[in-house]
Amino acid sequence: MGSIMLELNGIEAFYGQAHILHGISLAVGEGERVAIVGRNGAGKSTLLKSVMNAGPKVRGEIRFDGMSLGTISACDRTRRGMTLVPEDRRIFTHITVAENIRLAQHGAGPGRDLPALDEVIRAFPILKDLTQRPGGQLSGGQQQILAVARGIATRPRLMLLDEPTEGLAPVIVESLAQEVITACDRFGIALLLAEQNLWFARQCATQVVIIDSGQIVFSGDWAAFDASAELVERYLAV
Amino acid sequence: MMSLYLFSLFNGLVMGQAIFLVAAGLTLAFGIMKIFNFAHGAFFMIGAYVAHALTGQEAASLPLFLGAAFAAAIVVGAMGVATDLVVFRRLAGVPTEYTLIAAFSVMLLASGGAELVFGQGIHAIYPPAALGGLIQMGIPISVYSIFIVGAGVVAFLVLEIGLNRLWFGKLIQAVARDPWMSDVAGLRVQRIKLISVAISFALAGLAGGLLVANQSLSLDLGHSYLLLAFCAVIVGGLGSVKGAFFAAILFGLADSLNYILLPTMPGVAVYALLIVLVLIRPQGFYPELSQ
Ligand SMILES: Nc1ncnc2c1ncn2[C@@H]1O[C@H](COP(=O)(O)OP(=O)(O)OP(=O)(O)O)[C@@H](O)[C@H]1O
Ligand SMILES: [Mg+2]
């Protein structure tokens, strides 16, 4: 693991009066890939949105590249090198696949060595014949892949990827894991992945964090994870 | 008899384009901010006063008339910038009731301000000589009314092409459809909204400057168009320029035919049409921006 890129210290997150996250602390190194797993409603998405300042009200400290982010907006966090791929995809339906990618690259701001459209499409071959199709005419699965591709296309330093496997066919899940790993390695992207699919999480990440009711209940590598079968049973079995 | 209907149809078309010129900015504002801008009619009226202040009772030439309308667009567009910075921007995420009240108070402020600056007088305004004549096309048609139809169509095409073909138009639509994702994707959402509000207000000012001729200019000028423009925006699908365009033509025709078919009940056709269309298609013709 290289130097620490993202550091959370005692994060509390709220939706209105509802207190969702309790004292979350974790770190992601340069180019490192960390999976956050946990049941429905555990707070995975809330955590990713908190890192992005894109919804919940957040207390505690978030440092990115050693700098405390404070109340910096989601827009500016994106411009500093984060990207959030939300669980509901949020593809723009009125513009084409190519334009969705272009829009994300536009939003990333100037001064980044962005991959060309061709290169992005090559990394996600499912999109090959779809570049000129409006986002609204894609299937749910195609939109999901585009959402990931759109994140990669901005060449972020850190990608916050929220349940990319939801609703995907098993064979697509397999290829997506490979595509995500390859793209992250190629472009030097660190990954914070929220996922319920343990197979996918294991493929993509080296470290794993279990959260339950907004608290971290386990943190370690997969060997430690496998050694604590009883934890897994308690926090992940449905 | 035939020519009466022809005349009425043509008048309806002219009325429809006039309604659209007012509705265009209104529907754009709704699409972006989800605010029904009650103040739109007041800013339309201010645009008319600004143009009148520049040209007097009758513009000396067509370029002067058009120049005054564009100047009105710029002045009212600047008022839009101020309104967004002071009022609308602060209302993002607030329940709609508050935004309605805010828009209503902006309207009161704008009409009150106009009264202070322009006085209560009523002015008769004429189109410039180049648009003043009549031509015979089976029925007598004023050049000015042809000009209005042309202006409406040009405004429609410019907006449609601008919003659907230009990159900035696509960004405006992205912000209108999903402000959260636009922000997360790094777009400068507030800036894009500000520019859109400025465009919306500028359209009100432009409409005021273009439609002012052949009207009596008074503080009530906004009212007659605003109601029909609201109908067109609702029926067109809130936020849709294309929908507002076609709906405006329908309402213009309904209003015009009303005069010859039901002369004793002015205005009833518009309401009947509104009710029928809302019942048949409550989401509007092109509903994509209306959530
Ligand atoms: N916008 C919101 N307003 C209020 N409460 C919310 C909101 N979004 C989420 N919550 C609540 O916060 C808690 C955590 O939700 P979150 O979406 O973070 O869970 P998750 O781990 O991502 O679940 P899933 O696996 O189902 O996506 C849940 O109890 C949920 O009801
Ligand atoms: Mg979630």
Side-chain angles (χ1 to χ4, degrees), chain A residues 16 45 48-57 72-96 98-112 114 134-136 143 146-147 149-151 153-156 159-162, chain B residues 27-28 30-32 34 85 89-90 92-95 98 159-196 236-244 283-291:
Chain A
S45 301
L48 296 193
K49 286 176 186 159
S50 298
V51 172
M52 201 66 191
N53 192 14
K57 194 156 73 56
I72 289 178
S73 69
C75 164
D76 286 326
R77 290 178 196 216
T78 295
R79 286 175 174 244
R80 282 179 187 219
M82 294 185 178
T83 196
L84 171 64
V85 179
E87 59 189 328
D88 49 359
R89 300 164 186 142
R90 303 277 188 134
I91 294 305
F92 291 106
T93 54
H94 66 295
I95 52 179
T96 64
E99 287 169 334
N100 266 281
I101 288 170
R102 181 176 163 206
L103 185 146
Q105 293 188 325
H106 173 108
R112 249 190 244 186
L114 296 170
Q143 287 197 347
L146 173 57
R150 183 170 70 172
T154 65
R155 197 165 189 173
M159 179 157 77
L160 307 164
L161 182 54
D162 199 351
Chain B
T27 203
L28 191 64
F30 187 90
I32 293 286
K34 312 295 177 236
L85 291 177
R89 172 169 294 190
R90 294 159 198 268
V94 166
Y98 294 95
L159 281 173
E160 272 296 291
I161 292 170
L163 285 171
N164 295 311
R165 297 268 182 274
L166 294 188
W167 181 242
F168 189 71
K170 292 176 185 187
L171 295 183
I172 287 182
Q173 286 201 55
V175 169
R177 286 159 190 264
D178 193 341
W180 183 84
M181 189 63 220
S182 299
D183 182 44
V184 165
L187 299 188
R188 300 288 191 207
V189 169
Q190 287 208 325
R191 193 183 302 167
I192 292 173
K193 279 190 177 176
L194 178 70
I195 294 170
S196 311
L238 299 164
S240 164
V241 170
K242 207 192 304 174
Q283 73 277 38
F285 296 161
Y286 297 98
E288 61 274 357
L289 287 181
S290 49
Q291 341 65 22

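Here is the naming used below: chain letters follow the sequence lines, and residue numbers restart at 1 for every chain.
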Which bit of Arg77(A) comes within less than 4.5 Å of chain B, counting heavy atoms only: side chain, backbone, both or neither? neither
Test side chain to side chain contact (heavy atoms under 4.5 Å, CB included) on Phe92(A) and Lys170(B); report intermediate values, then the result. CA-CA 10 Å; Phe92(A) 291 106; Lys170(B) 292 176 185 187; over 6 Å; no
Answer yes or no: does atom OH of Tyr98(B) have more than 12 heavy-atom neighbours from other residues, nucleotides or ligands under 6.0 Å? no
Checking Ala54(A) against chain B: side chain, backbone, both or neither under 4.5 Å from a heavy atom? both
Sequence neighbours excluded, which residues qualify as side-chain contact (heavy atoms from CB on, under 4.5 Å) partners of Asp183(B)? Ala74(A), Cys75(A), Val189(B)
Heavy-atom pairs under 4.5 Å with chain B are the metric here; pick the option from Ala104(A), Pro86(A), Gly109(A) that has the most. Pro86(A)
For residues 81-93 of chain A, which residue pairs qualify under salt bridge (Lys or Arg N to Asp or Glu O under 4.0 Å), counting only residues two or more places apart or in two chains? Asp88(A)-Arg90(A), Arg90(A)-Asp178(B)
Tell me the closest heavy-atom pair linking Leu84(A) and Trp180(B), and the distance in Å. CD2-CH2, 3.8 Å
Please answer whether the main-chain N or O of Ala185(B) pairs with a side-chain N or O of Thr78(A) as donor and acceptor at a distance below 3.5 Å. no
Contact leader toward chain B among Met52(A), Arg150(A), Met82(A), where contacts are heavy-atom pairs under 4.5 Å: Arg150(A)
Minimum heavy-atom separation for Trp167(B) to Glu99(A), with atom names? CH2-O, 3.7 Å
Heavy-atom contact with chain B under 4.5 Å, split by part of Ile95(A): side chain
Contact part of Gln105(A) toward chain B, heavy-atom cut-off under 4.5 Å: side chain, backbone, both or neither? neither
